[in-house]
Protein chains: 2
Amino acid sequence: MGRWEPNARGRLQEAALELYVERGYEQTTVAEIARRAALTERTFFRHFADKREVLFAGSEALQECAVEALDAVPAAASPIDAVAAALEEAAAVLQDRRAYARKRHAVVSANAELRERELIKLATLAAGLAEALRRRGVGEPAASLAAEAGIAVFKVAFARWVGEADERELAEVVRESLGELRAVTGGASGGSR
Amino acid sequence: MGRWEPNARGRLQEAALELYVERGYEQTTVAEIARRAALTERTFFRHFADKREVLFAGSEALQECAVEALDAVPAAASPIDAVAAALEEAAAVLQDRRAYARKRHAVVSANAELRERELIKLATLAAGLAEALRRRGVGEPAASLAAEAGIAVFKVAFARWVGEADERELAEVVRESLGELRAVTGGASGGSR
DNA sequence: GGATCGATGTCAGCGACTGACATCAACGGT
DNA sequence: ACCGTTGATGTCAGTCGCTGACATCGATCC
(Lines give C-alpha, C1' and ligand atoms only; values in the text may rest on other atoms or scores of the structure.)
Protein backbone atom coordinates (compact mmCIF):
# COMPACT_ATOMS: atom_id res chain seq x y z
CA MET A 1 0.00 0.00 0.00
CA GLY A 2 1.37 3.35 -1.01
CA ARG A 3 1.84 6.49 0.90
CA TRP A 4 -1.20 8.01 -0.79
CA GLU A 5 -4.49 6.75 -2.03
CA PRO A 6 -4.00 5.67 -5.63
CA ASN A 7 -5.42 7.28 -8.77
CA ALA A 8 -5.28 10.87 -7.65
CA ARG A 9 -5.89 12.06 -11.20
CA GLY A 10 -8.99 9.94 -11.63
CA ARG A 11 -10.37 11.04 -8.27
CA LEU A 12 -9.93 14.67 -9.29
CA GLN A 13 -11.75 14.10 -12.58
CA GLU A 14 -14.61 12.36 -10.84
CA ALA A 15 -14.90 14.99 -8.11
CA ALA A 16 -14.79 17.80 -10.66
CA LEU A 17 -17.53 16.35 -12.86
CA GLU A 18 -19.73 15.73 -9.82
CA LEU A 19 -19.33 19.26 -8.56
CA TYR A 20 -19.76 20.83 -11.99
CA VAL A 21 -23.04 18.89 -12.30
CA GLU A 22 -24.18 19.69 -8.76
CA ARG A 23 -23.58 23.43 -8.64
CA GLY A 24 -22.28 24.37 -12.05
CA TYR A 25 -18.80 25.09 -13.33
CA GLU A 26 -18.47 28.70 -12.22
CA GLN A 27 -19.82 28.11 -8.74
CA THR A 28 -17.24 25.41 -8.12
CA THR A 29 -13.76 26.32 -6.87
CA VAL A 30 -10.69 24.24 -7.51
CA ALA A 31 -10.15 24.05 -3.76
CA GLU A 32 -13.52 22.33 -3.42
CA ILE A 33 -12.69 19.81 -6.10
CA ALA A 34 -9.38 19.04 -4.42
CA ARG A 35 -11.01 18.70 -1.03
CA ARG A 36 -13.60 16.23 -2.35
CA ALA A 37 -10.74 14.20 -3.83
CA ALA A 38 -8.85 14.44 -0.51
CA LEU A 39 -6.02 16.37 -2.12
CA THR A 40 -4.85 19.98 -2.26
CA GLU A 41 -5.44 22.68 -4.81
CA ARG A 42 -1.76 22.63 -5.73
CA THR A 43 -1.96 18.95 -6.62
CA PHE A 44 -4.94 19.62 -8.87
CA PHE A 45 -2.80 22.00 -10.92
CA ARG A 46 -0.02 19.44 -11.13
CA HIS A 47 -2.40 17.04 -12.89
CA PHE A 48 -4.37 19.53 -14.98
CA ALA A 49 -3.20 22.72 -16.62
CA ASP A 50 -6.30 24.61 -15.54
CA LYS A 51 -9.77 24.29 -14.09
CA ARG A 52 -11.28 23.40 -17.48
CA GLU A 53 -8.79 20.82 -18.59
CA VAL A 54 -9.99 18.30 -16.02
CA LEU A 55 -12.99 17.70 -18.30
CA PHE A 56 -10.89 17.24 -21.45
CA ALA A 57 -8.30 14.71 -20.35
CA GLY A 58 -9.49 12.08 -22.84
CA SER A 59 -9.32 14.27 -25.91
CA GLU A 60 -5.70 13.47 -26.78
CA ALA A 61 -6.50 9.76 -26.75
CA LEU A 62 -9.56 10.34 -28.91
CA GLN A 63 -7.47 12.28 -31.41
CA GLU A 64 -4.79 9.59 -31.45
CA CYS A 65 -7.29 6.90 -32.24
CA ALA A 66 -8.93 8.99 -34.94
CA VAL A 67 -5.59 9.71 -36.58
CA GLU A 68 -4.60 6.05 -36.40
CA ALA A 69 -7.87 5.12 -38.02
CA LEU A 70 -7.22 7.63 -40.77
CA ASP A 71 -3.71 6.25 -41.32
CA ALA A 72 -5.21 2.77 -41.65
CA VAL A 73 -7.58 3.73 -44.45
CA PRO A 74 -6.46 2.32 -47.86
CA ALA A 75 -4.61 4.85 -49.95
CA ALA A 76 -7.20 4.58 -52.71
CA ALA A 77 -9.91 6.19 -50.60
CA SER A 78 -10.78 9.84 -51.18
CA PRO A 79 -9.74 12.40 -48.54
CA ILE A 80 -13.29 12.91 -47.34
CA ASP A 81 -13.90 9.18 -47.02
CA ALA A 82 -10.68 8.81 -45.06
CA VAL A 83 -11.81 11.57 -42.72
CA ALA A 84 -15.19 9.90 -42.42
CA ALA A 85 -13.54 6.66 -41.35
CA ALA A 86 -11.54 8.50 -38.69
CA LEU A 87 -14.66 10.22 -37.37
CA GLU A 88 -16.60 6.99 -37.24
CA GLU A 89 -13.82 5.50 -35.16
CA ALA A 90 -14.04 8.47 -32.77
CA ALA A 91 -17.81 8.06 -32.77
CA ALA A 92 -17.45 4.44 -31.73
CA VAL A 93 -15.31 5.47 -28.76
CA LEU A 94 -17.90 8.00 -27.61
CA GLN A 95 -20.66 5.46 -28.20
CA ASP A 96 -19.04 3.20 -25.60
CA ARG A 97 -19.13 6.03 -23.05
CA ARG A 98 -22.56 7.20 -24.02
CA ALA A 99 -23.89 8.09 -20.56
CA TYR A 100 -20.67 9.82 -19.57
CA ALA A 101 -20.48 11.68 -22.89
CA ARG A 102 -23.98 13.07 -22.47
CA LYS A 103 -23.49 14.13 -18.87
CA ARG A 104 -20.20 15.78 -19.79
CA HIS A 105 -21.78 17.48 -22.79
CA ALA A 106 -24.51 18.96 -20.61
CA VAL A 107 -21.87 20.53 -18.37
CA VAL A 108 -19.73 21.80 -21.23
CA SER A 109 -22.58 23.28 -23.24
CA ALA A 110 -23.86 25.15 -20.18
CA ASN A 111 -20.72 27.28 -19.90
CA ALA A 112 -19.01 29.55 -22.41
CA GLU A 113 -15.48 28.96 -21.13
CA LEU A 114 -15.92 25.22 -21.43
CA ARG A 115 -17.38 25.56 -24.92
CA GLU A 116 -14.30 27.53 -25.90
CA ARG A 117 -12.09 24.71 -24.70
CA GLU A 118 -14.19 22.16 -26.57
CA LEU A 119 -13.85 24.18 -29.76
CA ILE A 120 -10.09 24.39 -29.55
CA LYS A 121 -9.92 20.65 -28.95
CA LEU A 122 -11.97 20.11 -32.09
CA ALA A 123 -9.74 22.53 -33.99
CA THR A 124 -6.70 20.60 -32.81
CA LEU A 125 -8.34 17.40 -33.97
CA ALA A 126 -8.97 19.00 -37.36
CA ALA A 127 -5.31 19.99 -37.57
CA GLY A 128 -4.27 16.43 -36.72
CA LEU A 129 -6.55 14.99 -39.38
CA ALA A 130 -5.29 17.48 -41.96
CA GLU A 131 -1.70 16.52 -41.15
CA ALA A 132 -2.55 12.84 -41.55
CA LEU A 133 -4.14 13.59 -44.90
CA ARG A 134 -0.99 15.39 -46.03
CA ARG A 135 1.01 12.32 -45.03
CA ARG A 136 -1.04 10.35 -47.53
CA GLY A 137 -0.28 12.83 -50.29
CA VAL A 138 -3.31 15.11 -50.12
CA GLY A 139 -2.30 18.68 -50.88
CA GLU A 140 -3.45 21.99 -49.47
CA PRO A 141 -6.02 23.36 -49.19
CA ALA A 142 -7.80 20.05 -49.84
CA ALA A 143 -6.41 18.48 -46.67
CA SER A 144 -7.48 21.32 -44.39
CA LEU A 145 -10.85 21.65 -46.07
CA ALA A 146 -11.62 17.95 -45.81
CA ALA A 147 -10.56 17.93 -42.16
CA GLU A 148 -12.49 21.08 -41.23
CA ALA A 149 -15.56 19.93 -43.13
CA GLY A 150 -15.34 16.60 -41.33
CA ILE A 151 -15.24 18.35 -37.97
CA ALA A 152 -18.22 20.48 -38.98
CA VAL A 153 -20.12 17.29 -39.77
CA PHE A 154 -19.03 15.76 -36.49
CA LYS A 155 -20.20 18.76 -34.48
CA VAL A 156 -23.63 18.67 -36.08
CA ALA A 157 -23.90 14.91 -35.79
CA PHE A 158 -22.88 14.93 -32.13
CA ALA A 159 -25.42 17.60 -31.31
CA ARG A 160 -28.16 15.56 -32.97
CA TRP A 161 -27.06 12.34 -31.29
CA VAL A 162 -27.04 13.95 -27.85
CA GLY A 163 -30.43 15.50 -28.39
CA GLU A 164 -32.11 12.44 -29.76
CA ALA A 165 -34.11 10.27 -27.46
CA ASP A 166 -33.71 7.16 -29.55
CA GLU A 167 -30.70 4.94 -29.59
CA ARG A 168 -29.15 5.39 -33.00
CA GLU A 169 -25.43 4.94 -33.15
CA LEU A 170 -23.36 8.12 -33.32
CA ALA A 171 -21.36 6.67 -36.21
CA GLU A 172 -24.56 6.28 -38.15
CA VAL A 173 -25.55 9.88 -37.49
CA VAL A 174 -22.10 10.95 -38.65
CA ARG A 175 -22.50 9.02 -41.91
CA GLU A 176 -25.93 10.46 -42.48
CA SER A 177 -24.76 14.01 -41.73
CA LEU A 178 -21.88 13.67 -44.16
CA GLY A 179 -24.36 12.64 -46.82
CA GLU A 180 -26.41 15.72 -46.02
CA LEU A 181 -23.34 17.92 -46.27
CA ARG A 182 -22.73 16.48 -49.72
CA ALA A 183 -26.31 17.25 -50.62
CA VAL A 184 -26.07 20.79 -49.30
CA THR A 185 -22.74 21.69 -50.90
CA GLY A 186 -23.77 20.21 -54.20
CA GLY A 187 -21.18 18.60 -56.43
CA ALA A 188 -20.69 21.06 -59.25
CA SER A 189 -18.06 23.68 -58.62
CA GLY A 190 -19.79 26.82 -59.76
CA GLY A 191 -23.46 26.02 -59.79
CA SER A 192 -26.28 27.18 -57.65
CA ARG A 193 -29.54 25.40 -56.77
CA MET B 1 -15.56 69.34 -23.91
CA GLY B 2 -16.21 66.54 -21.49
CA ARG B 3 -14.91 65.82 -18.08
CA TRP B 4 -12.74 63.06 -19.53
CA GLU B 5 -10.80 62.55 -22.71
CA PRO B 6 -13.21 61.13 -25.27
CA ASN B 7 -13.23 57.64 -26.79
CA ALA B 8 -12.05 55.71 -23.75
CA ARG B 9 -13.05 52.44 -25.36
CA GLY B 10 -11.07 53.11 -28.51
CA ARG B 11 -8.02 54.19 -26.53
CA LEU B 12 -8.16 50.94 -24.58
CA GLN B 13 -8.38 48.89 -27.78
CA GLU B 14 -5.47 50.73 -29.30
CA ALA B 15 -3.32 50.49 -26.19
CA ALA B 16 -4.10 46.78 -25.82
CA LEU B 17 -3.18 45.90 -29.39
CA GLU B 18 0.05 47.88 -29.13
CA LEU B 19 1.07 46.16 -25.93
CA TYR B 20 0.06 42.71 -27.14
CA VAL B 21 2.26 43.28 -30.19
CA GLU B 22 5.15 44.75 -28.21
CA ARG B 23 5.47 42.18 -25.42
CA GLY B 24 2.91 39.52 -26.14
CA TYR B 25 -0.53 38.89 -24.71
CA GLU B 26 0.49 36.99 -21.58
CA GLN B 27 3.25 39.42 -20.61
CA THR B 28 0.81 42.31 -20.69
CA THR B 29 -1.31 43.15 -17.65
CA VAL B 30 -4.65 44.87 -17.79
CA ALA B 31 -3.27 47.53 -15.47
CA GLU B 32 -0.61 48.36 -18.06
CA ILE B 33 -3.20 48.66 -20.83
CA ALA B 34 -5.30 50.95 -18.68
CA ARG B 35 -2.31 53.07 -17.74
CA ARG B 36 -1.30 53.53 -21.39
CA ALA B 37 -4.87 54.65 -22.12
CA ALA B 38 -4.76 57.00 -19.09
CA LEU B 39 -7.55 55.05 -17.36
CA THR B 40 -7.84 52.54 -14.55
CA GLU B 41 -8.05 48.77 -14.58
CA ARG B 42 -11.62 48.97 -13.30
CA THR B 43 -12.64 51.07 -16.27
CA PHE B 44 -11.11 48.54 -18.65
CA PHE B 45 -13.44 45.88 -17.25
CA ARG B 46 -16.42 48.17 -17.62
CA HIS B 47 -15.78 48.34 -21.37
CA PHE B 48 -14.65 44.77 -22.00
CA ALA B 49 -15.78 41.59 -20.32
CA ASP B 50 -12.25 40.27 -20.02
CA LYS B 51 -8.67 40.76 -21.13
CA ARG B 52 -9.28 38.93 -24.42
CA GLU B 53 -12.46 40.64 -25.48
CA VAL B 54 -10.70 43.92 -26.21
CA LEU B 55 -9.43 42.30 -29.42
CA PHE B 56 -12.86 41.04 -30.48
CA ALA B 57 -15.01 44.12 -30.17
CA GLY B 58 -15.80 44.23 -33.89
CA SER B 59 -17.03 40.68 -34.20
CA GLU B 60 -20.67 41.46 -33.41
CA ALA B 61 -20.74 44.07 -36.16
CA LEU B 62 -19.12 41.64 -38.57
CA GLN B 63 -21.73 39.03 -37.75
CA GLU B 64 -24.55 41.51 -38.15
CA CYS B 65 -23.40 42.52 -41.59
CA ALA B 66 -22.94 38.90 -42.64
CA VAL B 67 -26.41 37.99 -41.45
CA GLU B 68 -27.91 41.01 -43.19
CA ALA B 69 -26.15 40.01 -46.39
CA LEU B 70 -27.58 36.52 -46.05
CA ASP B 71 -31.07 37.88 -45.51
CA ALA B 72 -30.70 39.95 -48.66
CA VAL B 73 -29.91 36.97 -50.87
CA PRO B 74 -32.81 36.05 -53.20
CA ALA B 75 -34.92 33.20 -51.87
CA ALA B 76 -34.17 31.14 -54.94
CA ALA B 77 -30.51 30.74 -54.05
CA SER B 78 -29.32 27.49 -52.49
CA PRO B 79 -28.35 27.50 -48.79
CA ILE B 80 -24.66 27.19 -49.52
CA ASP B 81 -24.75 30.01 -52.03
CA ALA B 82 -26.55 32.19 -49.52
CA VAL B 83 -23.86 31.43 -46.95
CA ALA B 84 -21.21 32.17 -49.55
CA ALA B 85 -22.74 35.58 -50.17
CA ALA B 86 -22.71 36.32 -46.44
CA LEU B 87 -19.08 35.28 -46.13
CA GLU B 88 -18.05 37.36 -49.11
CA GLU B 89 -19.65 40.35 -47.44
CA ALA B 90 -17.67 39.64 -44.27
CA ALA B 91 -14.58 39.19 -46.41
CA ALA B 92 -15.10 42.61 -47.94
CA VAL B 93 -15.21 44.18 -44.49
CA LEU B 94 -11.93 42.53 -43.50
CA GLN B 95 -10.43 43.49 -46.84
CA ASP B 96 -10.97 47.13 -45.97
CA ARG B 97 -9.05 46.67 -42.71
CA ARG B 98 -6.39 44.51 -44.26
CA ALA B 99 -3.36 45.80 -42.34
CA TYR B 100 -5.23 45.80 -39.05
CA ALA B 101 -6.66 42.33 -39.69
CA ARG B 102 -3.22 40.85 -40.31
CA LYS B 103 -1.62 42.46 -37.27
CA ARG B 104 -4.49 41.32 -35.12
CA HIS B 105 -4.32 37.82 -36.57
CA ALA B 106 -0.62 37.58 -35.72
CA VAL B 107 -1.41 38.40 -32.09
CA VAL B 108 -4.37 36.03 -31.86
CA SER B 109 -2.68 33.08 -33.51
CA ALA B 110 0.31 33.40 -31.18
CA ASN B 111 -1.76 32.66 -28.08
CA ALA B 112 -3.97 29.70 -27.23
CA GLU B 113 -6.44 31.67 -25.11
CA LEU B 114 -6.98 34.15 -27.90
CA ARG B 115 -7.41 31.36 -30.43
CA GLU B 116 -10.12 29.88 -28.20
CA ARG B 117 -11.95 33.18 -28.20
CA GLU B 118 -11.62 33.44 -31.97
CA LEU B 119 -13.10 29.98 -32.36
CA ILE B 120 -16.12 30.72 -30.22
CA LYS B 121 -16.73 33.92 -32.18
CA LEU B 122 -16.68 31.90 -35.38
CA ALA B 123 -19.02 29.33 -33.83
CA THR B 124 -21.38 32.12 -32.84
CA LEU B 125 -21.22 33.41 -36.39
CA ALA B 126 -22.07 29.93 -37.65
CA ALA B 127 -25.04 29.80 -35.32
CA GLY B 128 -26.22 33.18 -36.57
CA LEU B 129 -25.95 32.10 -40.19
CA ALA B 130 -27.78 28.86 -39.46
CA GLU B 131 -30.58 30.80 -37.80
CA ALA B 132 -30.81 33.10 -40.83
CA LEU B 133 -31.01 30.07 -43.10
CA ARG B 134 -33.84 28.67 -41.02
CA ARG B 135 -35.66 31.96 -41.39
CA ARG B 136 -35.59 31.43 -45.14
CA GLY B 137 -37.08 27.96 -44.76
CA VAL B 138 -34.01 25.77 -44.73
CA GLY B 139 -34.50 22.81 -42.42
CA GLU B 140 -32.16 21.08 -40.03
CA PRO B 141 -29.58 19.72 -40.27
CA ALA B 142 -29.09 21.40 -43.66
CA ALA B 143 -28.98 24.88 -42.12
CA SER B 144 -26.36 24.02 -39.50
CA LEU B 145 -24.32 22.01 -41.97
CA ALA B 146 -24.28 24.77 -44.57
CA ALA B 147 -23.34 27.33 -41.92
CA GLU B 148 -20.62 25.21 -40.32
CA ALA B 149 -19.22 24.23 -43.70
CA GLY B 150 -19.18 27.88 -44.68
CA ILE B 151 -17.22 28.76 -41.55
CA ALA B 152 -14.80 25.93 -42.27
CA VAL B 153 -14.24 27.41 -45.72
CA PHE B 154 -13.83 30.87 -44.25
CA LYS B 155 -11.22 29.70 -41.75
CA VAL B 156 -9.15 28.03 -44.46
CA ALA B 157 -9.55 30.96 -46.82
CA PHE B 158 -8.59 33.50 -44.18
CA ALA B 159 -5.47 31.53 -43.27
CA ARG B 160 -4.42 31.44 -46.92
CA TRP B 161 -5.16 35.11 -47.43
CA VAL B 162 -3.14 36.14 -44.40
CA GLY B 163 -0.25 33.93 -45.42
CA GLU B 164 -0.13 35.01 -49.02
CA ALA B 165 2.28 37.71 -50.09
CA ASP B 166 0.22 38.76 -53.10
CA GLU B 167 -2.78 40.96 -53.03
CA ARG B 168 -5.68 38.73 -53.94
CA GLU B 169 -8.99 39.71 -52.46
CA LEU B 170 -10.17 37.68 -49.49
CA ALA B 171 -13.59 37.30 -51.08
CA GLU B 172 -11.95 35.70 -54.08
CA VAL B 173 -10.03 33.26 -51.88
CA VAL B 174 -13.30 32.42 -50.13
CA ARG B 175 -14.99 31.67 -53.45
CA GLU B 176 -12.08 29.55 -54.58
CA SER B 177 -11.97 27.64 -51.29
CA LEU B 178 -15.68 26.92 -51.49
CA GLY B 179 -15.12 25.46 -54.94
CA GLU B 180 -12.37 23.28 -53.51
CA LEU B 181 -14.65 22.13 -50.72
CA ARG B 182 -17.17 21.11 -53.35
CA ALA B 183 -14.46 19.21 -55.16
CA VAL B 184 -13.28 17.48 -52.01
CA THR B 185 -16.68 16.46 -50.70
CA GLY B 186 -17.77 15.24 -54.09
CA GLY B 187 -21.36 15.52 -55.16
CA ALA B 188 -22.66 11.97 -54.98
CA SER B 189 -24.06 10.98 -51.64
CA GLY B 190 -22.51 7.56 -51.13
CA GLY B 191 -19.56 7.35 -53.44
CA SER B 192 -15.87 7.24 -52.84
CA ARG B 193 -13.07 8.57 -55.02
C1' DG C 1 21.36 1.47 5.43
C1' DG C 2 21.86 5.58 3.15
C1' DA C 3 21.09 8.24 -1.21
C1' DT C 4 17.74 9.28 -4.45
C1' DC C 5 13.21 9.91 -6.43
C1' DG C 6 8.56 11.14 -7.09
C1' DA C 7 4.07 12.49 -5.59
C1' DT C 8 2.21 15.41 -2.47
C1' DG C 9 1.78 19.36 0.98
C1' DT C 10 2.67 24.24 2.46
C1' DC C 11 3.14 28.95 1.71
C1' DA C 12 3.65 33.34 -0.42
C1' DG C 13 2.39 35.99 -4.17
C1' DC C 14 0.67 37.82 -8.82
C1' DG C 15 -2.89 38.95 -11.88
C1' DA C 16 -7.75 38.59 -13.59
C1' DC C 17 -12.06 39.98 -12.31
C1' DT C 18 -16.09 41.85 -9.23
C1' DG C 19 -19.04 44.43 -5.96
C1' DA C 20 -19.80 48.54 -3.34
C1' DC C 21 -19.34 53.08 -2.83
C1' DA C 22 -17.49 57.84 -3.97
C1' DT C 23 -16.76 61.61 -7.28
C1' DC C 24 -17.95 65.13 -10.31
C1' DA C 25 -18.88 67.31 -14.94
C1' DA C 26 -22.87 67.58 -17.93
C1' DC C 27 -27.57 67.89 -18.70
C1' DG C 28 -32.53 68.83 -18.10
C1' DG C 29 -36.31 70.84 -15.82
C1' DT C 30 -38.21 74.54 -13.25
C1' DA D 1 -29.63 80.75 -12.57
C1' DC D 2 -30.31 76.85 -9.51
C1' DC D 3 -30.62 72.06 -8.47
C1' DG D 4 -31.43 67.16 -8.83
C1' DT D 5 -30.22 63.43 -11.75
C1' DT D 6 -27.34 60.89 -14.65
C1' DG D 7 -23.44 58.44 -16.26
C1' DA D 8 -18.58 57.62 -16.86
C1' DT D 9 -14.86 57.15 -14.03
C1' DG D 10 -11.98 56.39 -9.68
C1' DT D 11 -10.96 53.88 -5.29
C1' DC D 12 -10.74 49.97 -2.45
C1' DA D 13 -11.24 45.53 -0.68
C1' DG D 14 -11.75 40.94 -1.71
C1' DT D 15 -12.14 36.19 -4.23
C1' DC D 16 -10.25 32.93 -7.16
C1' DG D 17 -7.22 30.92 -10.75
C1' DC D 18 -2.69 29.77 -11.14
C1' DT D 19 2.61 29.52 -10.17
C1' DG D 20 7.30 29.15 -8.03
C1' DA D 21 10.00 27.66 -4.22
C1' DC D 22 10.76 24.73 -0.74
C1' DA D 23 9.52 20.91 2.61
C1' DT D 24 7.94 16.13 3.48
C1' DC D 25 8.30 11.29 3.41
C1' DG D 26 7.29 6.53 1.67
C1' DA D 27 9.28 3.75 -1.96
C1' DT D 28 13.13 2.17 -4.47
C1' DC D 29 17.74 1.34 -5.81
C1' DC D 30 22.49 0.49 -4.96
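Keep in mind that what you see is a predicted model, and the values were worked out from it rather than measured. Convention: sequence-line order gives letters A, B, ...; per-chain numbering from 1.
As a whole-Å value, the separation of B/Glu53 CD from C/dT18 P is 12 Å. Regarding B/Phe45, its CZ atom lies at a distance of 16 Å from the C1' atom of D/dA13, rounded to whole Å. Atoms CG (A/Leu19) and P (D/dC16) sit 14 Å apart, rounded to a whole Å. Here D/dT19 presents its C1' atom at 17 Å from NZ of A/Lys51, a figure rounded to the nearest Å. One can place CG of A/Asp50 at 13 Å from P of C/dC17, the figure rounded to the nearest angstrom. Going from atom CZ of B/Arg11 over to atom P of D/dA8 covers 14 Å, rounded to whole Å. A/Trp4 has its CH2 atom 9 Å from the P atom of D/dG26, to the nearest Å.
Remark: A/Glu140 does not engage B/Arg160 in a salt bridge, criterion side-chain N to carboxylate O under 4.0 Å. We find that B/Glu118 and B/Arg104 are joined by a salt bridge, their nearest charged nitrogen and carboxylate oxygen being less than 4.0 Å apart.
For C/dG9, the base has a donor-acceptor partner in the side chain of A/Arg46 [N/O atoms by modelled type, under 3.5 angstrom].
Between A/Val67 and A/Arg135, some side-chain heavy-atom pair lies under the 4.5 Å cut-off. A/Lys121 has its side chain within reach of A/Glu60: a pair of non-hydrogen atoms, C-beta onward, lies under 4.5 Å apart. For the pair B/Glu113/B/Lys51, no side-chain contact is recorded, criterion being any heavy-atom separation below 4.5 Å from C-beta on.
Few gaps surround CZ on A/Arg102; more than 12 heavy atoms of other groups in view lie less than 6.0 Å from it.
For the pair B/His47 and D/dT9, the criterion of a side-chain N or O lying under 4.0 Å from OP1 or OP2 is met.
Taking every heavy atom of both residues into account, A/Arg134 and A/Ala143 meet most closely at CG-CB, 4.0 Å.
Just one residue in the list B/Val174, B/Val173, B/Leu181 forms a side chain to side chain contact (heavy atoms under 4.5 Å, CB included) with B/Ser177, and that residue is B/Val173.
Proximity of residues 23-44 of chain B to DNA chain C (heavy atom under 4.0 angstrom from any strand atom) is restricted to B/Thr28, B/Thr29, B/Val30, B/Glu41, B/Arg42. For DNA chain C, no neighbouring residue in residues 104-116 of chain A is found when judged by any heavy atom under 4.0 Å.
If you chain together ILVMFWY residues whose side-chain heavy atoms come under 4.5 Å of each other, B/Ile33 ends up grouped with B/Leu12, B/Leu17, B/Leu19, B/Tyr20, B/Val21, B/Tyr25, B/Val30, B/Leu39, B/Phe44, B/Phe45, B/Phe48, B/Val54, B/Leu55, B/Phe56, B/Tyr100, B/Val107, B/Val108, B/Leu114.
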